[in-house]
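Right, one structure below, let's go through it.
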Amino acid sequence: MTSIGNTEERFGVVAILLHWSMALLIIGLAALGLYMVTLPDVGFNTKKIMLILYHKEVGLLVLVLLAARLAWRLTHVLPQLAAHLPDWQKIAARFVHLCFYALMFALPMTGWLMSSAAGIPVSFFGLFTLPDFLPHDDYLFQRLIDIHKWFAFALIPFLCVHVGAALMHHFVLKDDTLRRMLP
Ligand code: HEM
Ligand code: HEM
């Protein structure tokens with residue numbers, strides 16, 4: 001039975017649930033984001049508007065889950081990386097994880113700021129509307145679109161390295177790296 005909290009050897013149920021639910025949401029958001037921006041603006045494209053609304057609400061859910069994840073992460077032990085790994089691989093793995101934490105914060109925040117600059121406040125699943133931290137400003141809106149896009153483009157190669165490394169550990173090196181993140 002997997003324990004609720006982490007141990008020195010493996011991730012616990014809470015960290016596993018947070019990791020996989022957020023992984024699904026983030027990969028889905030990146031795919032949805034890339035798709036929705038290809039839809040034409042001409043006329044009143046209800047499909048595009050609806051998809052952007054879903055993208056924004058689910059994107060904010062990532063920010064909420066990130067707060068829970070960070071709180072859990074900072075108050076619980078972090079399992080050690082496989083002992084046989086050379087130092088450069090340990091540093092690379094921790095570096096990628098750190099970049100993920102930064103991007104999981106920066107992507108929703110630039111999305112939120114972008115919406116403020118566009119003058120379109122963000123609703124959180126109809127429960128409440130988030131405050132606008134920026135005034136309506138078209139120049140800022142365009143720059144924030146660019147920054148949001150480049151953060152998303154930075155996420156993709158990190159994701160390839162991360163998933164590639166997880167699969168290599170499991171199928172080639174046959175160690176416990178992936179199993180530690182599974183129930
Ligand atoms: C199919 C996709 C994914 C696979 C197979 C995967 C696999 C793994 C595995 C095996 C670990 C444990 C590494 C260790 O031993 O420390 C891990 C940790 C981690 N993963 Fe993923 N992952 C995936 C997607 C993602 C995504 C989309 C993100 C966020 C953008 C992410 C962020 C992290 C972080 C931050 C850690 C470090 C543990 C922590 O601090 O919570 N992963 N992942
Ligand atoms: C982890 C969370 C997120 C990820 C991975 C993500 C990813 C993406 C991607 C890949 C694009 C397409 C970029 C392009 O090719 O131009 C995009 C566009 C967009 N995102 Fe996000 N996003 C996230 C969160 C958010 C949030 C929270 C908001 C708003 C509250 C938001 C608002 C937007 C908007 C409005 C666009 C369209 C920009 C345009 O008109 O070109 N995103 N996002």
Side-chain angles (χ1 to χ4, degrees), residues 6 8-12 14-39 41 48-49 51-66 68-70 72-74 76-83 85 89-90 93-118 120-124 129-130 132-133 141-142 144-156 158-171 175-182:
N6 300 345
E8 291 280 343
E9 287 74 40
R10 65 167 1 270
F11 291 92
V14 175
I16 291 175
L17 277 177
L18 284 166
H19 175 271
W20 291 110
S21 58
M22 290 182 77
L24 271 180
L25 291 179
I26 291 166
I27 294 171
L29 279 165
L32 174 60
L34 291 174
Y35 169 66
M36 73 192 189
V37 295
T38 64
L39 298 174
D41 277 325
K48 182 169 188 176
I49 295 170
L51 291 182
I52 293 183
L53 283 178
Y54 291 140
H55 180 85
K56 287 162 75 160
E57 306 215 342
V58 178
L60 282 173
L61 182 60
V62 167
L63 196 60
V64 172
L65 290 174
L66 176 67
R69 184 166 178 179
L70 277 178
W72 190 262
R73 170 80 146 72
L74 296 173
H76 291 78
V77 61
L78 181 66
Q80 296 300 310
L81 292 167
L85 287 188
Q89 278 185 30
K90 288 185 183 165
R94 293 289 189 226
F95 175 73
V96 170
H97 297 164
L98 199 70
C99 290
F100 276 152
Y101 278 111
L103 288 169
M104 285 189 281
F105 178 72
L107 273 158
M109 280 313 290
T110 47
W112 178 359
L113 291 173
M114 177 205 301
S115 300
S116 299
I120 310 169
V122 190
S123 144
F124 187 67
T129 304
L130 296 177
D132 282 337
F133 288 133
F141 174 47
Q142 293 304 327
L144 283 160
I145 291 185
D146 291 342
I147 298 173
H148 188 73
K149 180 163 128 184
W150 289 113
F151 280 151
F153 286 178
L155 178 79
I156 296 168
F158 280 129
L159 204 58
C160 295
V161 170
H162 184 68
V163 175
L167 295 179
M168 193 188 72
H169 276 284
H170 194 69
F171 292 109
D175 64 24
D176 276 343
T177 303
L178 183 58
R179 264 187 293 269
R180 285 151 32 111
M181 201 34 119
L182 294 171

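These numbers come from the heavy atoms of this one structure, side chains and all, not from hydrogens, waters or symmetry mates. Start at 1 and go down the list; that is how both ligands and their atoms are numbered.
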- Message: Heavy-atom pairs closer than 4.0 Å: do any link ligand 2 to the side chain of Met36, the backbone, both, or neither?
- Response: side chain
Hey, which atoms in ligand 2 end up nearer than 4.0 Å to a heavy atom of [X]?
X	result
Ala152	9 (C), 10 (C)
Leu60	27 (C)
Trp112	29 (C), 30 (C)

Ligand 1 contact on [X] by region, counting heavy-atom pairs under 4.0 Å:
X	answer
Leu178	both
Phe11	side chain
Arg73	side chain

- Could you go through the side chain to side chain contact (heavy atoms under 4.5 Å, CB included) check for His169 and Leu85 one step at a time? CA-CA 10 Å; His169 276 284; Leu85 287 188; 3.4 Å; yes
- Query: Mind checking whether Phe100 and His162 have ring centres under 6.0 Å apart?
  - Reply: yes
- Message: Check this for me: Phe124, atom CZ, are more than 12 non-hydrogen atoms of other residues, nucleotides or ligands nearer than 6.0 Å?
- Response: yes
If we only count N/O pairs under 3.5 Å, is [X] in contact with ligand 1?
X	answer
His19	yes
Thr177	no
Trp20	no

- Query: Using the ring of each side chain (for Trp, its six-membered ring), is His76 parallel, tilted or perpendicular to Trp72, with breaks at 30° and 60°?
  - Reply: parallel
Closest to [atom] among [options] (heavy-atom distance):
atom	options	value
atom 34 (C) of ligand 1	Arg180, Met22, Arg69	Arg69
atom 25 (C) of ligand 2	His148, Lys149, Lys56	His148
atom 29 (C) of ligand 1	Trp72, Phe100, Tyr101	Phe100
atom 7 (C) of ligand 2	His55, Lys48, Met104	His55

- Task: Would you check, one step at a time, whether the test side chain to side chain contact (heavy atoms under 4.5 Å, CB included) holds for Leu113 with His148?
- Result: CA-CA 10 Å; Leu113 291 173; His148 188 73; over 6 Å; no
- What protein heavy atom sits nearest atom 27 (C) of ligand 1, and how far away is it? Leu159 CD1, 3.3 Å
